[in-house]
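In what follows, a structure is listed as structure tokens, so that the remarks can point back to it.
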Amino acid sequence: MDNILNIIFTTLLIAAQIATVYLAARGNRWTWVLSIITGVTLCYNFFTETLYLSFAFQVYSILASIGGVLIWKKKESDNRRTICWGNPVWPLLSVVALTAAVYFIVYIALHRFGVQLLDSKQPLIDCAIPALQAVATFLMVRKDINAWICYLICDAIYIPLGIISVAHGGSYKWFFISACFLATATYGTINFIKAYRLSKQSKEQ
């Protein structure tokens, strides 16, 4: 019975995560409500599993999502028009800086204080992925098209990792999620670019 409940719970969580990205692509304010719900759920899971770095990211995600609820408007078309950083180099440089900072904190905590913030054989990659997600979430709250660049890069990392995991006898779950995220992120990128071009044309007229 517990196993069946766990499968149902995991399926609902995956569906909610995919729906969150899809709603963001549509410019729908409800994406942040779902993000808060999944964030609270994942916070509990990561804390009980002592995955403290992932737990910290989910806390950040919840706070950012609250900001999204407050900033995004009820009209979906109004949530897909802004570009904060015209040059996509800046968000990517932010990802590099944040990755370096997180990796440094993890290294110091592990080697000086013996605190296991991250249980990983590839710590640099596992620090880069939350950094990408953190910058993407911040940009998405600000309605910035560059958020989708970060999401697409993140998916491009996840999919090969999912393939490697499956090849070594791992679960298909993360590969499936990554493929869904890649599809919805591509859809979101196209939607945001179209909306931005339309808004730019309307301003010029």
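Counting from 1, the numbers follow the sequence of the chain as shown.
A continuous path of ILVMFWY side-chain contacts below 4.5 Å connects I71 to V33, so both sit in one hydrophobic cluster. A single hydrophobic cluster is seen to contain both F46 and V59, as judged by linkage of ILVMFWY side chains at heavy-atom distances under 4.5 Å, directly or through other members.
The backbone N or O of F57 lies less than 3.5 Å from no partner atom in the side chain of S61, so there is not a single donor-acceptor pair. Checked by atom type and distance alone, the side chain of R29 pairs as donor or acceptor with a backbone atom of W72 at under 3.5 Å. A distance-only check finds a donor-acceptor pair linking the side chain of Y60 to the backbone of A134 [under 3.5 Å]. Formation of a donor-acceptor pair under 3.5 Å by the T31 side chain with backbone atoms of N28 is not found in this model. In this structure, T41 contributes its side chain and I37 its backbone to a donor-acceptor pair below 3.5 Å.
Nearest heavy atoms, L34 versus A16: CD1-O, 4.1 Å. Residues G68 and V141 come closest through the heavy atom pair N-CG1, 3.9 Å. Taking all atoms of both residues into account, the shortest heavy-atom contact from W32 to V69 is CB-CG2, 3.5 Å. Closest approach of T48 to N45, counting heavy atoms only: OG1-O, 2.8 Å. Shown here for G39 and Q58, the closest heavy-atom pair between the two residues is CA-OE1, 3.5 Å.
Here the side chains of Q133 and Y151 are not in contact, with every heavy-atom distance at 4.5 Å or above. Contact check for I149 versus L152: no side-chain heavy atoms found under the 4.5 Å cut-off.
For the atom pair L132 CG and S94 OG, the distance stands at 11.0 Å (nearest 0.5 Å). With rounding to the nearest 0.5 angstrom, the CD1 atom of I36 is 9.5 Å from the CG atom of L63.
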